[in-house]
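Note that the structure is predicted; figures quoted are calculated from it, not measured.
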Amino acid sequence: AAVKAAGLAETLSGPGTFTVFAPTNDAFAKIPADALNGLLAKPDDLKAVLLRHVLPNKVPSSAIPRGSTTVGTVGGEDITVLRNYNTIKIKSSAGSAKVILADVAATNGVIHAVDTVF
């Protein structure tokens with residue numbers, strides 16, 4: 001629903017390859033209702049938040065090196081991907097999240113489900 005509200009459904013289903021760190025429904029439920037409603041009412045702000053979760057290339061979990069790696073998102077922000085053995089975490093200017101389900105295949109890339117909107 002958030003992807004549609006931000007006008008990103010066509011972008012993310014179109015040509016190109018992407019890695020999406022997709023917040024689960026439980027991740028969105030952690031956001032206070034007023035804050036979430038505020039984002040839904042401001043598509044440009046919502047778009048910025050969602051694009052912070054998208055990389056412009058396909059990065060399966062097996063390609064994420066141990067340690068800390070800074071990568072650029074489709075939204076123009078840098079995020080840090082941290083790997084410690086089988087645990088993958090993401091840190092951004094807005095917070096951090098843990099990958100709870102990696103390598104969900106998509107027609108134009110890969111999805112890694114995360115436990116928090118960052």
Engineer: Please report the shortest heavy-atom distance between Pro65 and Arg83, naming the atom on each side.
Structural biologist: O-CB, 3.2 Å
Engineer: When rounded to the nearest 0.5 angstrom, what is the spacing between CZ in Phe18 and CG in Asn57?
Structural biologist: 10.0 Å
Engineer: Check the hydrophobic clustering (I, L, V, M, F, W, Y; side-chain heavy atoms under 4.5 Å; chains of links allowed) and say if Leu50 and Val117 are grouped together.
Structural biologist: yes
Engineer: Taking side-chain contact (heavy atoms from CB on, under 4.5 Å) as the criterion, tell me which of Leu82, Val71, Val59 meets it with Ile64.
Structural biologist: Val59
Engineer: I'd like to know if the side chain of Asn84 and the backbone of Arg66 have a donor-acceptor N/O pair within less than 3.5 Å.
Structural biologist: no
Engineer: Are Leu39 and Val20 linked, directly or through other ILVMFWY residues, by side chains that come within less than 4.5 angstrom of each other?
Structural biologist: yes
Engineer: Which pair of non-hydrogen atoms, one from Val3 and one from Ala9, has the smallest distance, and what is that distance?
Structural biologist: CG1-N, 3.5 Å
Engineer: Thr116 and His53: which non-hydrogen atoms are nearest, and at how many Å?
Structural biologist: O-NE2, 4.3 Å
Engineer: Give the minimum heavy-atom separation between Glu77 and Ser93, together with the two atoms involved.
Structural biologist: OE1-OG, 3.2 Å
Engineer: Just wondering, do His112 and Leu101 contact through their side chains at under 4.5 Å, heavy atoms?
Structural biologist: no
Engineer: Over all heavy atoms of both residues, which pair between Phe118 and Ala94 is shortest? Give the atoms and the distance, please.
Structural biologist: C-CB, 3.7 Å
Engineer: Taking all non-hydrogen atoms of both residues, which atom of Val99 and which atom of Ile90 are closest, and how far apart?
Structural biologist: CG2-CD1, 3.6 Å
Engineer: Hey, any chance Phe28 and Leu40 share a hydrophobic cluster, counting ILVMFWY side chains that come within less than 4.5 Å of each other, even indirectly?
Structural biologist: yes
Engineer: Do Ile88 and Leu55 land in one hydrophobic cluster if side-chain heavy atoms of ILVMFWY residues count as linked below 4.5 Å?
Structural biologist: yes
Engineer: Examine Leu46 and Val74 and state if one hydrophobic cluster contains both, with Ile, Leu, Val, Met, Phe, Trp and Tyr joined whenever side-chain heavy atoms are less than 4.5 Å apart.
Structural biologist: yes
Engineer: Hey, is the main chain of Thr80 close enough, under 3.5 Å, to the side chain of Lys89 for a donor-acceptor pair?
Structural biologist: no
Engineer: To the closest 0.5 Å, what do you measure between CD1 (Ile79) and OG (Ser96)?
Structural biologist: 11.5 Å
Engineer: Distance from Leu12 atom CG to Lys4 atom NZ, nearest 0.5 Å?
Structural biologist: 12.5 Å
Engineer: State, yes or no, whether a side-chain contact exists between Val114 and Thr24 at a heavy-atom distance under 4.5 Å.
Structural biologist: no
Engineer: Using atom types as modelled and distance alone, determine if a side-chain donor or acceptor of Asp115 lies under 3.5 Å from a backbone N or O of Lys98.
Structural biologist: yes
Engineer: Look only at the side chain of Arg52 and the backbone of Val54, and say whether a donor-acceptor pair between them is shorter than 3.5 Å.
Structural biologist: no
Engineer: For Ala102, does its backbone N or O pair with a side-chain atom of Ser61 as donor and acceptor, under 3.5 Å?
Structural biologist: no
